[in-house]
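Lettering follows sequence order; numbering is per chain, from 1.
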Protein chains: 2
Amino acid sequence: MLSKKTKYAIKALVALGKNVENPPMQIVRLAEQEMIPRKFLEQILLDLRNAGYLYSKKGAGGGYSLNKNAADIYLTDILRITDGPIAMVPCASIKFYRKCDECHDEKTCGIRKTFIDVRDATLEVLSKTSVADVIARENLDEIIN
Amino acid sequence: MLSKKTKYAIKALVALGKNVENPPMQIVRLAEQEMIPRKFLEQILLDLRNAGYLYSKKGAGGGYSLNKNAADIYLTDILRITDGPIAMVPCASIKFYRKCDECHDEKTCGIRKTFIDVRDATLEVLSKTSVADVIARENLDEIIN
DNA sequence: ATAAAAGTCTATCGAAATAGTAGTCTTTAT
DNA sequence: ATAAAGACTACTATTTCGATAGACTTTTAT
């Protein structure tokens with residue numbers, strides 16, 4: 001399961017992506033609009049900002065806006081910042097590899113091989129879905145319904 | 001990430017699957033062989049047994065064995081018993097659906113749609129990989145190496 | 001009949017991770 | 001100068017996870 005932190009992060013980026021016409025957006029507004037606890041959101045935005053995905057401006061009239069094109073922010077990027085590994089076992093992780101404690105022989109481990117396949121299947125989706133894609137899917141539905 | 005419980009469950013089933021020639025296998029032996037805390041393993045085996053995947057026999061000479069063919073036990077089955085949902089967000093889960101607290105409109109939620117795709121990609125692997133497949137992959141490597 | 005070898009079941013505990021809160025500091029616009 | 005914002009750090013509460021404990025039941029061997 002995604003942590004709430006990650007879900008909030010995605011929601012925030014999507015909201016900021018929809019708001020590109022009149023930035024910046026204040027934390028308080030974003031928190032209210034997306035039903036995210038304000039102080040918690042504050043920390044999350046900080047992380048995303050420090051990772052280079054958001055631009056922030058202090059003082060009156062300040063707030064947050066995207067620092068990259070929404071089409072260039074992939075869900076994998078976000079997950080790795082807020083949740084860490086995408087793989088389901090540490091020994092199958094690309095960016096957060098760790099040996100499994102109880103593993104006898106990683107080379108022949110059938111579990112590892114299977115979960116590398118799972119990881120790749122997951123990455124196939126997440127590394128090709130950008131914030132812009134998520135927004136597009138929502139707009140698509142508004143037109144259909 | 002998989003819980004240790006799930007990883008232990010898979011390991012246990014794989015070990016029991018490799019042991020079909022001379023069952024049953026005692027918890028203590030299984031625990032030692034797979035480096036799993038004995039009392040923790042005990043609970044896990046109980047769950048798998050109550051779900052119908054294992055057969056157990058009490059008393060001297062008793063122990064555990066598979067209650068189904070290893071080819072008929074899929075990783076999805078195991079994960080759902082020990083970890084619950086396979087989807088990364090509750091609203092995308094097939095067997096453990098739950099509405100997301102902060103969600104405004106599930107019908108148009110782009111995050112949900114994306115994570116339904118992720119779920120399907122994951123299921124594509126896990127619902128087609130049985131305990132027998134995991135064992136086969138390990139044996140395959142022993143031959144090659 | 002009894003002792004030993006197993007699994008069964010339920011309760012509990014401690015540590016770590018997650019979710020959220022509080023408060024002080026800094027920057028900027030007016 | 002002041003108000004409106006974000007930056008930063010520390011802390012707290014809650015939940016989940018991993019593990020342990022112990023008393024009970026069934027089965028086999030002698």
Side-chain angles (χ1 to χ4, degrees), chain A residues 1-9 11-12 16 23-32 34-67 79 81-85 88-90 96 98 100-102, chain B residues 1-9 11-12 16 23-32 34-67 79 81-85 88-90 96 98 100-102:
Chain A
M1 284 275 159
L2 289 188
S3 65
K4 292 226 168 187
K5 188 174 177 184
T6 297
K7 216 197 297 181
Y8 293 160
K11 290 205 138 197
L16 291 171
M25 192 172 185
Q26 290 78 47
I27 296 176
V28 191
R29 276 190 51 218
L30 189 49
E32 279 174 9
E34 301 299 324
M35 308 219 275
I36 302 171
R38 187 183 125 254
K39 286 301 248 176
F40 194 19
L41 178 61
E42 205 171 297
Q43 291 177 66
I44 295 165
L45 294 176
L46 225 332
D47 287 346
L48 294 172
R49 174 187 168 280
N50 290 334
Y53 294 93
L54 295 179
Y55 170 79
S56 66
K57 201 181 175 193
K58 288 185 175 182
Y64 273 97
S65 49
L66 294 187
N67 195 35
L79 288 225
I81 292 168
T82 53
D83 264 358
M88 296 179 87
V89 286
F96 298 85
R98 254 182 36 233
C100 292
D101 310 324
E102 359 66 52
Chain B
M1 286 274 158
L2 287 188
S3 64
K4 292 227 168 186
K5 189 173 178 185
T6 297
K7 218 198 294 180
Y8 292 160
K11 291 204 137 197
L16 292 171
M25 192 173 188
Q26 291 76 48
I27 295 176
V28 190
R29 278 191 49 218
L30 189 50
E32 279 173 9
E34 301 299 324
M35 309 218 277
I36 302 170
R38 186 182 125 254
K39 286 301 249 178
F40 195 19
L41 178 60
E42 210 170 292
Q43 292 177 64
I44 296 164
L45 295 175
L46 225 342
D47 286 346
L48 294 172
R49 173 188 169 279
N50 291 334
Y53 294 92
L54 295 179
Y55 170 78
S56 67
K57 202 182 174 194
K58 288 185 176 182
Y64 273 96
S65 51
L66 294 187
N67 195 36
L79 288 225
I81 292 168
T82 52
D83 264 359
M88 297 179 86
V89 286
F96 298 85
R98 254 182 36 234
C100 292
D101 309 325
E102 359 66 52

* Send over the distance from A:Tyr55 OH to D:dA5 C1', rounded to a whole Å. => 13 Å

* Spacing of A:Asp47 atom CG relative to D:dT9 atom P, expressed in whole Å -> 12 Å

* To do: Check the pair B:Leu41, B:Glu34 against side-chain contact (heavy atoms from CB on, under 4.5 Å), reporting the backbone distance first and the verdict last.
  => CA-CA 10 Å; B:Leu41 178 60; B:Glu34 301 299 324; over 6 Å; no

* Flag, side chain of A:Lys11 to backbone of B:Glu102, donor-acceptor distance under 3.5 Å -> yes

* Which pairs with one or both residues in residues 52-62 of chain B pass salt bridge (charged side-chain N to carboxylate O under 4.0 Å, His left out), sequence neighbours excluded? -> none

* Asked: When you check every protein heavy atom under 4.0 Å of nucleotides 7-23 of chain C, what one-letter string (B, S, -) results, 5' to 3'?
  -> SBB---------SBBBB

* B:Lys39 side, atom NZ; B:Ile27 side, atom CD1 - distance, nearest 0.5 Å -> 8.0 Å

* State which residues pass side chain to side chain contact (heavy atoms under 4.5 Å, CB included) with B:Asp47; sequence neighbours excluded, sorted by chain then number. => B:Lys5, B:Ile81

